[in-house]
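Convention: sequence-line order gives letters A, B, ...; per-chain numbering from 1. Note that the structure is a prediction, hence the values are computed from the model and not measured.
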Amino acid sequence: MTDLSADIYQPAELEPAIQQQWERDRAYRAERGGGERYYCLSMFPYPSGKLHMGHMRNYTICDVMSRYQIMQGRQVLQPMGWDAFGLPAENAAMANGVPPAEWTRANIRHMRGQLKSLGFAIDWERELATCDPEYYRWNQWFFLKLLERGIAYQKTGTVNWDPVDQTVLANEQVVDGRGWRTGALVEKREIPMYYLRITDYAQELLDSLDQLDGWPDRVKAMQANWIGRSEGAEIDFACEDQIIRVFTTRPDTLMGATFMAVAAEHPLARRAAESNPELAAFIRQCQKGGVSEADIATQEKLGMDTGLTAVHPLTGQAIPVWIANYVLMGYGEGAIMAVPAHDERDFEFALKYGLPIRQVISLPGGQTYDDQHWHESYAAKDGVLVDSGPYTGLSCADGFAAIVGDLEKKSAGKARVQFRLRDWGISRQRYWGCPIPIIHCDDCGAVPVPEEDLPVVLPEDLVPDGAGNPLKRCETFLNVPCPKCGKPARRETDTMDTFVDSSWYFLRYTGPDNDKSMVDGRAADWMPVDQYIGGIEHAILHLLYARFWTKLMRDEGLVKIDEPFRRLLTQGMVLAETYYREDASGRRTWFNPAEVEVQRDAKGGVASAVLMADGRPVTPGGVEKMAKSKNNGVDPQALVEQYGADTVRLFSMFAAPPEQSLEWSEAGVEGGWRFLKRFWSGLQRHVAAGLPSTAVDRGALDSRGLELRRVLHETITKVGDDFGRRLTFNTAIAAIMECCNHLGRFEARSDNDRALIQECWSALVRLIAPVTPHIAEALWQRLGGEVSVFEAGWPEVDKSALVRQKVTVVVQVNGKVRGRIEVAPGAPRAEVEKLAQADANVARYIAEATVRKIIVVPNKLVNIVVGT
RNA sequence: GCCGGGGUGGCGGAACUGGUAGACGCGCCGGACUCAAAAUCCGGUUCUGGAGACAGAGUGCGGGUUCGAUUCCCGCCCCCGGCACCA
């Protein structure tokens with residue numbers, strides 16, 4: 001049967017046909033087959049409209065790992081869903097008047113189709129969207145449980161306030177301290193919000209990081225720093241009839257405290273301002289600007305003396321109390337004792353306002369304090385206390401203990417552990433989110449919605465206009481009788497942080513059809529997730545909240561696990577070159593790389609770039625993250641249509657290891673396309689000559705055959721290790737390409753050689769299958785496969801094929817390569833040394849010198865150390 | 001500002017535990033095929049010198065440890081991610 005069209009690689013016809021075959025067989029239902037379970041999960045997408053390269057990369061990584069596990073005989077769950085609530089839908093609504101629900105659902109439809117065209121082994125029967133009431137009702141239900149347990153509670157929080165639109169702004173809506181739509185100067189404002197006591201779990205979240213062997217160390221380090229456990233002391237300073245409580249990690253420096261500083265929101269600051277208009281004005285000034293930590297940390301340090309003094313708990317000395325904008329109300333006690341000699345921020349502040357600086361820790365070499373050169377060593381803990389009264393001469397550690405001990409005796413302080421982590425504020429003053437199930441009654445206060453009334457359904461026909469939450473104007477939503485007393489009451493209009501939605505979706509995938517409970521016994525079958533894959537930008541917040549939520553559900557008796565994700569892979573960003581033209585006023589117009597043609601010089605360097613439309617030059621603007629603002633986004637869909645899904649998948653796995661950023665390159669895609677064409681035609685030529693009827697006879701192979709077979713089995717070993725352990729798909733693909741190059745140079749001289757070629761193709765098709773599943777499936781059939789290539793199993797390594805007759809050993813003289821010798825593997829040291837010195841080029845370097853030492857690394861290297 | 005990561009040929013990257021720097025791919029150069037081009041195939045390709053054998057230099061910069069450093073240590077520079085309401 002010779003079908004001529006089958007001789008040409010035509011992914012546009014091939015891929016949909018293969019996909020239909022998989023769909024017909026329901027090939028990727030998680031429950032299919034037997035074997036050990038493997039849950040392979042990628043972070044679900046926000047349905048922003050179109051699939052972008054970052055999604056494409058994320059889901060391809062996940063699919064490669066899933067398919068590799070399927071080929072290992074495992075039962076694999078690879079689900080997909082939609083992180084469907086959030087700000088972009090409201091922005092889109094403002095821009096074109098479409099309700100967020102409509103916009104979101106249309107995007108989901110479109111993106112689902114795009115995902116399907118990429119051929120992922122997803123179990124679509126488990127798909128979920130967080131904007132569906134069947135999903136978010138469980139957010140609400142669980143929130144009520146947390147309220148009962150006291151984990152959820154209400155307190156005020158600070159938000160960005162746009163005074164013109166009279167609305168709360170997200171941090172990203174604050175641009176240079178101004179509201180994005182109105183341009184008005186943003187203010188801080190305190191409003192009531194719901195919080196979750198994540199700080200109750202701070203120690204456990206920190207401790208259980210140790211269990212996460214499969215997580216990158218850098219992510220664990222970031223989380224540990226974020227949680228920020230510090231051991232120190234709380235110290236009370238009397239100030240008139242009040243107490244200022246501070247937390248410090250350095251009670252040993254207490255004798256060096258020369259002033260105190262409180263946050264602008266601190267009760268003492270407010271009280272002092274009541275009788276002092278200047279202070280009140282300063283506090284108002286501190287109220288300006290955004291709430292983000294980066295803004296606060298980089299702003300100029302400002303302060304003002306309150307005129308009050310506090311009493312030093314040990315010396316009884318009066319020290320001034322200041323208001324300072326670098327003291328945060330949200331951390332510690334909102335007040336600090338300032339020790340300018342041993343804290344860089346206190347130092348900067350003291351220098352600026354002429355406050356005294358008192359050194360209380362000795363410095364290396366008996367150095368004394370120098371205003372001009374504040375140095376990090378001033379924060380060191382390895383000196384001894386000086387000028388510290390009874391504590392002088394103690395080490396920092398002993399001073400710490402002695403001072404805390406004395407404070408405890410005086411009831412003026414005690415040792416305490418403090419976390420940097422703050423409780424999680426989950427209230428959002430936005431429409432497009434999960435309603436917080438609370439009813440406000442004038443008589444009964446904030447009343448939880450009774451469980452049987454859940455879900456509180458979000459009306460889907462509202463259109464936000466930028467001036468506050470439209471739920472506040474939606475009478476049918478707002479008006480409801482109080483569940484306690486039955487009098488008219490109003491619903492809470494705040495919705496939940498979308499991080500709530502994404503904190504447990506991976507659990508819901510295990511039983512998405514259960515309308516009786518949040519999760520069921522199936523969670524135990526699949527959890528924890530064996531492999532989680534997503535962007536490094538989620539290293540802290542999402543992953544911390546998901547870990548926290550899992551522990552909350554455990555403590556509610558819903559799951560039995562402590563940690564949700566066994567292994568984590570954080571993928572890098574997708575970048576592309578940018579091109580622009582600048583007009584007379586310096587404004588830049590950005591051109592998409594697809595519209596630009598690059599011209600190269602004789603060495604291959606970039607000589608110039610021109611816009612294809614008009615042939616005139618454009619300026620390369622460097623490689624940047626794909627973004628609308630730089631117009632350097634490349635649409636995966638267009639590439640799938642041009643080259644097929646397999647080529648796009650191949651390139652994105654080949655161009656960089658998954659953890660690193662990936663630089664987009666059209667030429668690189670072409671390279672992937674050429675490889676697949678060669679792979680296809682090479683295999684077709686072999687098939688066209690007729691499939692061999694017998695397996696290879698290893699004993700009958702000549703040296704060329706043994707060499708090819710050794711390369712093949714080394715490749716199988718390497719690819720298995722790269723897919724299964726190292727997760728470096730780029731090197732796996734390189735190894736497959738290299739093996740193909742060997743195979744292409746191999747000339748069949750006998751039927752046994754042809755049987756070897758069959759062995760090679762049979763293995764190579766299976767090795768490449770996780771990356772390029774469609775072509776592999778098609779070629780597997782042509783090789784005579786009767787079941788899907790994904791049921792065919794992973795090729796086995798024949799260890800006997802790996803044995804080498806000779807190895808090349810490098811010979812160095814004083815660390816520089818001077819020659820190479822061939823020896824039998826495991827040759828005795830003496831023989832290797834002799835051969836190395838006998839090498840003609842090596843001999844030139846050792847003839848005139850004395851050999852002092854010879855280092856031999858077996859089967860690799862000889863280094864002859866000579867001296868004159 | 002704080003926390004985390006990165007920097008290797010013309011380009012993306014490889015070198016896994018301190019042992020041949022540059023695998024694989026792109027680009028470029030040369031050749032074959034073609035009337036010609038495209039596609040395809042073959043060869044070369046870190047830089048400098050040399051016809052070559054070979055030699056010297058070389059992994060952001062400056063030091064250090066070591067027989068040997070892209071890899072370990074110290075000090076810098078630049079780029080990227082996160083900083084709690086973007087997701």
[N] base / [X] side chain donor-acceptor hit below 3.5 Å:
| X | N | answer |
| --- | --- | --- |
| A/R725 | B/C16 | yes |
| A/R820 | B/U20 | yes |
| A/Q429 | B/C85 | yes |

Is the centre of the A/Y136 ring less than 6.0 Å from the centre of the A/F85 ring?
yes
Would the A/F729 and A/F654 ring centres measure less than 6.0 Å apart?
no
Regarding A/R345 and A/D343, does a basic nitrogen lie under 4.0 Å from an acidic carboxylate oxygen?
yes
Rounded to the Å, how far apart are [X] [atom1] and [N] [atom2]?
| X | N | atom1 | atom2 | answer |
| --- | --- | --- | --- | --- |
| A/R430 | B/C85 | CZ | P | 10 Å |
| A/Q812 | B/G19 | CD | P | 11 Å |
| A/M43 | B/C86 | CE | C1' | 15 Å |

Can you tell me if A/N730 touches the phosphate of B/A23, counting only side-chain N or O atoms and a distance under 4.0 Å to OP1 or OP2?
no
I'd like to compare against my own output: the B/S/- annotation of nucleotides 4-9 of chain B with a strict under-4.0 Å heavy-atom distance to protein.
SS----
Can you list every stem that RNA chain B is part of, counting only runs of 3 or more consecutive Watson-Crick or G-U wobble pairs with both distances under 3.5 Å?
B:1-7 with B:77-83, B:10-12 with B:24-26, B:27-32 with B:40-45, B:46-49 with B:54-57, B:60-64 with B:72-76
Contact class for A/K220 vs. all strands (heavy atom < 4.0 Å): base, sugar-phosphate, or nothing?
nothing
Go through residues 46-54 of chain A and report each residue with a non-hydrogen atom lying under 4.0 Å from RNA chain B, sorted by number.
A/Y46
